[in-house]
Protein chains: 2
Amino acid sequence: MDIKDTRTIYLDCDTGIDDSLALAFLLAAPGTDLVGIGAVSGNVSAAQGAQNTLDLLELAGRGDIPVAIGAHDPLAGHFDGGVPHIHGDNGIGNIKLHPAQATTTGTSAAELLISLSHDHPGELSIVAIGPLTNIALALAIDPSLPTRIKDVTIMGGAALVAGNVSPVAEANIWNDPEAAALTLAARWDLTLVPLDVTLENILEEEQRVALEESPIPVVSSIGRILDFYFDFYVGLYGRRASAMHDPLAAAIATGAIIPTNAPRVAIEVDTTRGPGRGQTICDLRGQRMGPVDQPGAHCRVVLGTDIPLPPVLVEHLLAYKIPAER
Amino acid sequence: MDIKDTRTIYLDCDTGIDDSLALAFLLAAPGTDLVGIGAVSGNVSAAQGAQNTLDLLELAGRGDIPVAIGAHDPLAGHFDGGVPHIHGDNGIGNIKLHPAQATTTGTSAAELLISLSHDHPGELSIVAIGPLTNIALALAIDPSLPTRIKDVTIMGGAALVAGNVSPVAEANIWNDPEAAALTLAARWDLTLVPLDVTLENILEEEQRVALEESPIPVVSSIGRILDFYFDFYVGLYGRRASAMHDPLAAAIATGAIIPTNAPRVAIEVDTTRGPGRGQTICDLRGQRMGPVDQPGAHCRVVLGTDIPLPPVLVEHLLAYKIPAER
């Protein structure tokens, strides 16, 4: 990345422990201008996720960034209550943050996204790290949205590794397969960041402790929030550590991490009620001799990156400076 | 393997170039007694596959082994005509073999399998290297079949690699997903040998030439048959070579190759009409710290083996001795 280029970003999230890290990364990363945030139900309800986001923003001195509550339910069916055993009852590891003074916009997340796309035509990047309900709703309200969006980066799916909700489905896609199908079919420049790479970017306990010991309140809070998440991941990695799902998508969107193996291929979301529901079916046939773009494909799936994210993430967070009064 | 133990084998196949190699391997492998063969439509029609099998057996001096024509059509739908661009119009690379004197049994493959299971109760191993129609029909005719079968080894499916017919489906399963679902659900000791490992066992051109130059007619014929297959695989591997799909399943069934990473896990076949149709959905969550059997799972999926097959295969074939008049 040429960090002189500013990236203008709308974040859609279900905050969430790793969402909190992704949010902090977007605030801390050089050349990144986070102009709006929508919340969606996933790890927690959209309303809880929005409150967590507001509280973290205020701790970071960024209460000026607009936050909208998005969809409570997926396009089909109902919000399932989230995953308190992974993210805590409140989504942020049961850590209590000081309630923010700022409140949500009053508009929906889809409306906020559409509005921002008009404010920054051709410049706005979408970073979506929760279920894709808000993005699909925005597309439904305004099918011309993709013409004003620079690019879309999504944390979601599993290409050649097991899923984390079903044997083949990853949580963000599983929670709203219909929305994912609509979002991946839309004609924008889309990057899918699946479990294949997020599970390989592992934050270790000593890195978590470094965050917790930071004198910057938002950074130390995130270090404490991560404690709960690390307990959950012992079952997966055999040690206190955690995957960097959402932060990796954020870091790829900002250019801090560069995909090295990321072919553009046909990606279909399984929206059947069969055993494959929620799978991101990536057509990775013909890739044995190296990444090859399929003619006509507009989605790239990230299978490898240039450098590990965790050291970059920790470095940026520890260097974060709360801005002067805005 | 303790080669003093004889393995009694029923082979179900759609002969087919790599089927021909698997057949030759089962004739040549020490401690292996091939007692019957059923043909099924897949690479070619069941009738063509049976004729190819008879012709190869006669060349090998084993016209005594009974061959039955099995199902022409899958359980649902119709035979699609096979894959002449991969296996040649006749299934054996357009090489003309001398027509066998022996003829097929007159019974169906399912009937032959059931009959052999009574002849060898508790001793019979099934090696299935085509679509699973005949096996599913045998189960439908006689649900007690699994109680008399020692074990089942299937070449089929793709666990954590791309499919070869659709992005997620491998040809044998794709050609009859309903039969595969019934076969994998039956309560027998089942080993699935998917593309994950078969694509890693690559026969090279110099090995093919060694077979072609053998003085043993059946072996040299197989070397010539492989020539067509090698042309197809240039697109996949970038050189003349070929995957050893069916021979690997045969070698695992005989014990010549030992699976080293082969957890027993839930395996579900996608029988929807959605984009995942024909996928073997293996539940490989929780395998990050090494292979772990899931409680209650009766199917193992082979993800790694002890040694490469091709040298073993070539060695056995070059050492084959046509038996004296039987």
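Every chain is numbered from 1 and lettered A, B, ... according to where its sequence line falls, protein lines coming before strand lines. Atoms considered below: every heavy atom in the structure, side chains included; atoms not considered: hydrogens, waters and symmetry mates. Owing to the predicted nature of the structure, the values given are computational and were not obtained by experimental measurement.
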Residue pairs involving residues 287-311 of chain B (criterion salt bridge (charged side-chain N to carboxylate O under 4.0 Å, His left out); sequence neighbours excluded):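 Counting only pairs at least two positions apart or across chains, the salt bridge (charged side-chain N to carboxylate O under 4.0 Å, His left out) contacts touching residues 287-311 of chain B are A:E200-B:R288.
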
So which atom in [X] and which in [Y] form the shortest heavy-atom distance, rounded to 0.1 Å?
| X | Y | result |
| --- | --- | --- |
| A:G163 | B:R285 | O-CG, 3.1 Å |
| A:D270 | B:D270 | OD2-OD2, 3.8 Å |
| B:T272 | A:P275 | CG2-CD, 4.3 Å |
| A:P167 | B:C282 | CB-O, 3.8 Å |

Between B:M289 and A:L236, is a side chain to side chain contact (heavy atoms under 4.5 Å, CB included) present by the stated rule, with each step listed? CA-CA 8 Å; B:M289 289 185 280; A:L236 190 74; over 6 Å; no

Could you check which of A:N164, A:L199, A:V269 has the highest count of heavy-atom pairs closer than 4.5 Å to chain B?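 Winner by heavy-atom pair count: A:L199.
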
Rounded distance (nearest 0.5 Å) linking atom CG of B:D283 with atom OG of A:S166: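 Output value for this atom pair is 8.0 Å.
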
